[in-house]
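In what follows, a structure is listed as structure tokens, so that the remarks can point back to it.
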Amino acid sequence: MSMIRTENLCKSFHSLEVLKDVSLTVEPGEVVCIVGPSGAGKSTYLRSLNGLETINSGKIWIDDVLIEDRDKGSHVNKVKMPKQQRLAILLELGMVFQRFNLFPHLTALQNIMIAQTKVRKRGEAEAREKAESLLRRVGLSDKINEYPSKLSGGQQQRLAIARALAMDPKVMLFDEPTSALDPELVGEVLNVMKKLAEDGMTMIVVTHEMAFAADAADRVVFMADGVIVEQSPPSEFFTNPKNDRLRDFLRRTLRKEE
Amino acid sequence: MEALLSLAGRLPEWAGPLLENLKRMIGWMPSLLKATQTTLLLSVLSVLTALVLAVFLALGKISKRKIISKPCAAYVFFFRGTPLLMQLFFIYYTLPMLIPALNIKSRFVAAWIAFALNVAAYLAEIIRAAIQSIDKGQLEAAKALGMTQWQTMRLIVIPQAYRRMIPPICNEFVMVLKDTSLVSIIALTDLTYQTKMIASNKASAMVYIPAMFIYLVITAVFTFIFNKLEKKLSVYE
Ligand SMILES: Nc1ncnc2c1ncn2[C@@H]1O[C@H](COP(=O)(O)OP(=O)(O)OP(=O)(O)O)[C@@H](O)[C@H]1O
Ligand SMILES: [Mg+2]
């Protein structure tokens with residue numbers, strides 16, 4: 001039983017190898033933080049999971065269902081399944097982006113309702129009720145009819161989290177959710193994420209917030225040059241790093257944070 | 001009018017000819033306004049037809065399939081790269097010689113076709129630019145939420161893009177209104193043609209004044225309406 005499993009994921013952009021045989025398993029309810037230098041391939045890894053990038057080779061299981069199986073060289077997905085079925089499996093993954101990517105022509109409420117009604121085919125009333133309860137959960141009840149442009153960065157990101165949660169995902173993927181925020185707005189977003197983790201959500205979080213990783217993660221993964229270099233529980237990861245590159249990385253980022 | 005004329009006796013000498021001219025200008029108005037209908041009808045019909053064509057051209061140009069995108073790009077390149085006047089001549093004079101079946105007898109229809117084809121090329125670029133101006137991140141978010149490409153287009157891209165298209169399309173319409181004066185060259189009785197007729201028949205260059213005044217009023221009215229429309233559509237930005 002695993003929530004997400006990847007085996008030997010490889011991805012190149014033209015001649016640039018971004019992911020080199022990345023294998024990772026995430027258990028249900030687990031919170032995994034991925035850290036690493038810029039250009040390591042962290043975003044590409046997340047985006048490969050939900051099909052925003054097409055991998056070159058490797059295998060991906062979501063909730064124990066194999067959805068990608070490509071051999072080195074041939075690059076053809078050997079998993080044949082109806083489009084609808086694949087779509088339904090990918091819906092188990094919710095994604096939160098660095099730049100929020102809200103729909104600016106829709107209000108907060110509509111942002112959360114649109115995919116519920118059009119993709120999940122829920123009725124108006126049900127979708128609305130769900131949206132309202134999610135807005136309460138992320139602390140935006142009073143912004144229900146505001147357009148995203150009227151919200152602060154932190155509020156926008158919380159709205160984006162609510163939008164993803166509305167689809168009832170089993171896993172939430174976060175790609176540097178606080179990197180585009182002013183420092184004083186980071187906390188409110190991390191708090192929402194921490195609550196989510198406490199509620200048992202399976203999460204993969206790419207982040208530069210070491211304090212969050214230390215606090216909320218069950219496991220921290222260090223990625224560099226398209227390879228997973230080291231992974232361990234935060235207690236060990238931060239106090240007893242084995243790899244030289246990780247030691248170096250930690251020294252530099254932790255110094256910056258002080 | 002009578003009151004004005006009775007005033008004339010008491011006005012200085014130079015005012016006499018001025019009043020006389022004013023009277024003549026007012027006298028031309030009915031025929032000018034009648035021709036204005038042609039100008040308006042041609043502009044509106046051309047732009048509406050062009051809009052339909054332009055939607056397909058724009059989507060075609062965006063298409064990833066080269067068999068679709070290349071011809072659409074070539075179309076736009078051709079109609080933006082040659083003078084509108086030449087295109088008008090081509091459709092009215094050359095086409096019937098090349099393909100006798102395409103002998104368009106009606107000057108109005110010939111002008112309509114020429115303008116629709118030409119304006120479509122410009123509108124296609126406006127539409128394409130508006131569609132492609134929507135941030136890629138939103139498309140990714142839509143995909144991550146499970147929306148199909150068509151749903152993303154319909155629910156996310158078009159509702160935003162169409163607001164961005166309105167100002168340049170309105171702008172284009174005002175340009176077309178003025179550009180239709182070209183059709184006077186194939187003797188279609190639009191406002192410009194009628195003006196020229198009066199100018200040569202009645203030997204009075206004065207007619208250009210009320211004619212330009214009419215153009216100005218029409219463009220002012222449309223610009224006013226379009227500005228209102230733009231304000232209404234920009235609520236969330
Ligand atoms: N669409 C693309 N086309 C070409 N190259 C790309 C593309 N996306 C990413 N890359 C390259 O792949 C490499 C890994 O990118 P990725 O965004 O996954 O890194 P990252 O670990 O998320 O870095 P960061 O911390 O800066 O977000 C980078 O060198 C990047 O320039
Ligand atoms: Mg990244």
Side-chain angles (χ1 to χ4, degrees), chain A residues 43 46-47 49-53 83-84 86-108 110-121 145-151 156 159-169 171-175 180, chain B residues 51 54-55 58-59 62-66 68-69 123 126-170 226-237:
Chain A
S43 300
L46 278 196
R47 294 160 55 82
L49 295 178
N50 69 352
L52 288 181
E53 303 287 357
K83 231 181 169 168
Q84 280 305 318
R86 186 183 154 85
L87 210 70
I89 293 169
L90 288 178
L91 273 185
E92 295 183 8
L93 309 179
M95 184 146 190
V96 174
F97 300 85
Q98 182 175 353
R99 303 216 50 90
F100 328 135
N101 299 346
L102 293 165
F103 306 129
H105 61 304
L106 302 177
T107 63
Q110 291 166 335
N111 261 281
I112 307 185
M113 282 178 66
I114 189 158
Q116 287 192 72
T117 53
K118 304 292 178 179
V119 180
R120 284 278 191 221
K121 310 283 184 205
N145 290 319
E146 294 285 6
Y147 287 100
S149 59
K150 294 277 158 58
L151 303 178
Q156 289 189 45
L159 176 57
I161 293 173
R163 180 179 66 176
L165 288 175
M167 304 303 280
D168 292 328
V171 184
M172 285 284 283
L173 311 175
F174 293 85
D175 190 1
Chain B
L51 261 177
V55 169
L59 292 176
I62 293 171
S63 169
K64 286 192 190 78
R65 269 181 278 178
K66 289 225 163 61
I68 299 174
S69 67
L123 293 183
I126 291 174
I127 293 171
R128 183 193 56 78
I131 288 177
Q132 292 187 332
S133 74
I134 303 302
D135 172 32
K136 289 270 187 308
Q138 287 183 46
L139 309 188
E140 295 190 341
K143 191 173 177 200
L145 289 166
M147 290 189 204
T148 61
Q149 263 182 347
W150 172 237
Q151 281 178 323
T152 307
M153 200 64 177
R154 196 162 50 86
L155 302 169
I156 307 302
V157 177
I158 306 270
Q160 295 178 70
Y162 100 91
R163 297 176 211 225
R164 294 187 191 175
M165 300 172 195
I166 299 278
I169 288 178
C170 292
F226 293 155
N227 281 341
K228 283 260 178 256
L229 191 66
E230 276 171 42
K231 286 231 178 66
K232 237 179 108 179
L233 287 174
S234 61
V235 274
Y236 68 89
E237 272 170 328

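Please read all numbers here as calculations on a predicted model, not as lab measurements.
Comparing Lys118(A), Arg99(A), Lys83(A), Gln116(A) by heavy-atom pairs within less than 4.5 Å of chain B, the highest count is held by Lys118(A).
Contact of Gln151(B) with chain A is made through the side chain alone, with heavy-atom distances under 4.5 Å. For chain B, no part of Leu173(A) is nearby; none of its heavy atoms comes within less than 4.5 Å. Interface remark: Arg163(A) contributes backbone and side-chain atoms alike to the contact with chain B (heavy atom separation under 4.5 Å).
Annotation for Arg47(A): atom CZ counts as buried by contact number, over 12 foreign heavy atoms lying within 6.0 Å. More than 12 heavy atoms of other residues, nucleotides or ligands lie within 6.0 Å of CD in Gln132(B), so this atom counts as buried by the packing criterion.
For the residue pair Ala144(B) and Asn50(A), the shortest heavy atom distance occurs at CB-ND2, 3.9 Å. Closest non-hydrogen pair, Ile114(A) versus Met147(B), comes out as CG2-CE, 3.9 Å. Among all heavy-atom pairs drawn from Glu140(B) and Leu52(A), the shortest one is O-CD2, 3.9 Å. Listed here is the closest heavy atom pair of Phe97(A) and Ala141(B): CE1-CA, 3.7 Å. Nearest heavy atom pair, residue Gly51(A) against residue Lys143(B), reads O-NZ, 3.0 Å.
Looking at heavy atoms from C-beta onward, Met95(A) lies out of side-chain contact with Leu145(B) at the 4.5 angstrom threshold.
Looking only at distances, a side-chain donor or acceptor of His105(A) sits under 3.5 Å from a matching main-chain atom of Leu155(B).
With rounding to the nearest 0.5 Å, the separation of OG1 in Thr152(B) from CZ in Phe103(A) is 7.5 Å.
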